[in-house]
Amino acid sequence: MSDQPARRADLRVDLGAIRHNTRVLSARGRRSGAATMVVVKSDGYGHGAVPVARAALESGADCLGVASVDEALQLRTSGVRAPLLCWLHTADDDFGPAVDADVELSASSVGELDRIAAAADRRGGTARVHLKIDTGLSRNGCPPAAWPTLVERAAKAEERGWIEVAAVWSHLACADEPGHPSVDRQAERFQDAYLRARAAGLRPIRHLANSAALLTRPDLHFDLVRPGIAVYGLDPVPGVGEHDLRPAMTFRSSVVGTKRVAAGEGVSYGHRWTAPHAVTLALVPVGYADGVPRGLSGRMSVWLAGRRRPVVGRVCMDQLVVDCGDDQVHEGDEVVLFGPGDRGEPTAAEWADGLGTIHYEIVTGMYRPRVTRTVVEA
Ligand SMILES: *Cc1c(COP(=O)(O)O)cnc(C)c1O
């Protein structure tokens, strides 16, 4: 893990882990006859959309998913040519460049569908469209009451050659709570919507499963699965089975100074921690501006000089302080703030638990102006 010393704040992204996870997940989908869309929205959940996309496509992914047209076009500009879907549009998104770049577009309403069809008509192309039904998440997606109108309209636009309806799709609200009754309810509504699309003359594929449903509900794989978080090695349903995933992100820094303080000395702003006896403190040049949550002050540890050691006192904007007891630590020593956990270092999941949030929020928030990101094959 110490291939290159971290200087100040370094995110190390292990593409070997991305490849491994993609192989594991796409094999699970293939067992049900499903292809795999790897979701690389929000810059690949903070890991780097382009290197993640490339590694995933070489390891079993068939296509990619992102939220916005802009994210899709950035991948195209970087030379990623694989099939690519985006689904969250703004009122003034111009779909023309997406049509030109062969980006597949989700449509949740007649308004979106018409704008996509018009863009394709203007460009003289055909847009590949995934019609999204809201089966119970109540975010985007077409409400069931409006669905018959949407599929009729889509069938007409398909006849005119403006669009090709590639898929009917939806997204689950509670897939990370296996057994939650909403999952089956959503699956039923999904089936109704699909049958309605077939009745309108459309011949779409179906996709519904995120990481959690991919791992826990093979009966909901349909034609395509859409894992995101699991590709990055984070367990979408902690405590439910062993999924052989490897976390891809490690956050490291290094010791920039050490000092001995006497019993009774207060440490960091507010003196929320006082040395109970003489101790050696290590100063680490990362703080909440670098993604270390201040909310973990007094409740986190780091891996340093062969073991876990507590961060003491408040996490500051630019720095934090580690209690090293009577041990020898040195300027330049590597500090692992979180990683896969193999060596006993903290994990992103542990940070999330400490904050009452989910690991998704941790990893997507780590890449910041002072943080470097190093992509390695390891
Ligand atoms: C983010 C997202 C996914 C991936 O979800 P994970 O829980 O990260 O696997 C799949 N589908 C849609 C529509 C999404 O927005």
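Values in this document were obtained by computation on a predicted structure and should not be read as measured data. Along the sequence shown, the residues carry numbers beginning at 1. When a ligand or atom number is given, it counts from 1 through the structure's own listing order.
Summarising the geometry, atom NZ belonging to Lys41 is positioned 13.5 Å from atom CG belonging to Leu64; distances are rounded to the nearest 0.5 Å.
Contact annotation for Tyr232 and ligand 1: no heavy atom of the residue comes within less than 4.0 Å of the ligand. The backbone and the side chain of Arg226 each have at least one atom closer than 4.0 Å to an atom of ligand 1 (non-hydrogen atoms only).
Taking the six-membered ring for Trp, Phe95 and His89 have ring centres closer than 6.0 Å. Ring-centre distance between His207 and Phe222: not below the 6.0 Å cut-off.
Checking Val38, Val24, Thr36 one by one against Val231, the side chain to side chain contact (heavy atoms under 4.5 Å, CB included) holds for a single residue, Val38. The side chain to side chain contact (heavy atoms under 4.5 Å, CB included) with Phe190 is formed by just one residue from the set Leu220, Leu208, Leu172; it is Leu208.
Ligand 1 has no N or O atom lying under 3.5 Å from any N or O atom of Pro227, backbone or side chain. For a threshold of 3.5 Å applied to N or O pairs, the pair formed by Ile229 and ligand 1 contains at least one separation below that value.
With distances taken over non-hydrogen atoms, the option nearest atom 3 (C) of ligand 1 out of Arg139, Lys41, Lys132, His207 is Lys41.
When side chains are defined from C-beta on, His243 counts as touching Val237, because their heavy atoms get closer than 4.5 Å.
Closest to atom 7 (O) of ligand 1, if we only count protein heavy atoms, is Tyr360 OH, 2.6 Å. Of the protein's heavy atoms, Trp169 CZ3, 3.5 Å lies nearest to atom 13 (C) of ligand 1. Distance from atom 9 (O) of ligand 1 to its nearest protein heavy atom, with residue and atom name: Ser211 OG, 2.5 Å. Of all protein heavy atoms, the one lying nearest to atom 12 (C) of ligand 1 is His171 CE1, 3.4 Å.
Within ligand 1, the atoms closer than 4.0 Å to a non-hydrogen atom of Tyr45 are 1 (C), 4 (C), 5 (O), 6 (P), 8 (O), numbered from 1 in the order shown.
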request  = Evaluate the salt bridge (charged side-chain N to carboxylate O under 4.0 Å, His left out) criterion for residues Arg153 and Asp114: first the C-alpha distance (whole Å), next the side-chain angles of each, then the deciding distance (0.1 Å), finally the verdict.
outcome  = CA-CA 9 Å; Arg153 189 87 159 198; Asp114 286 352; 2.6 Å; yes
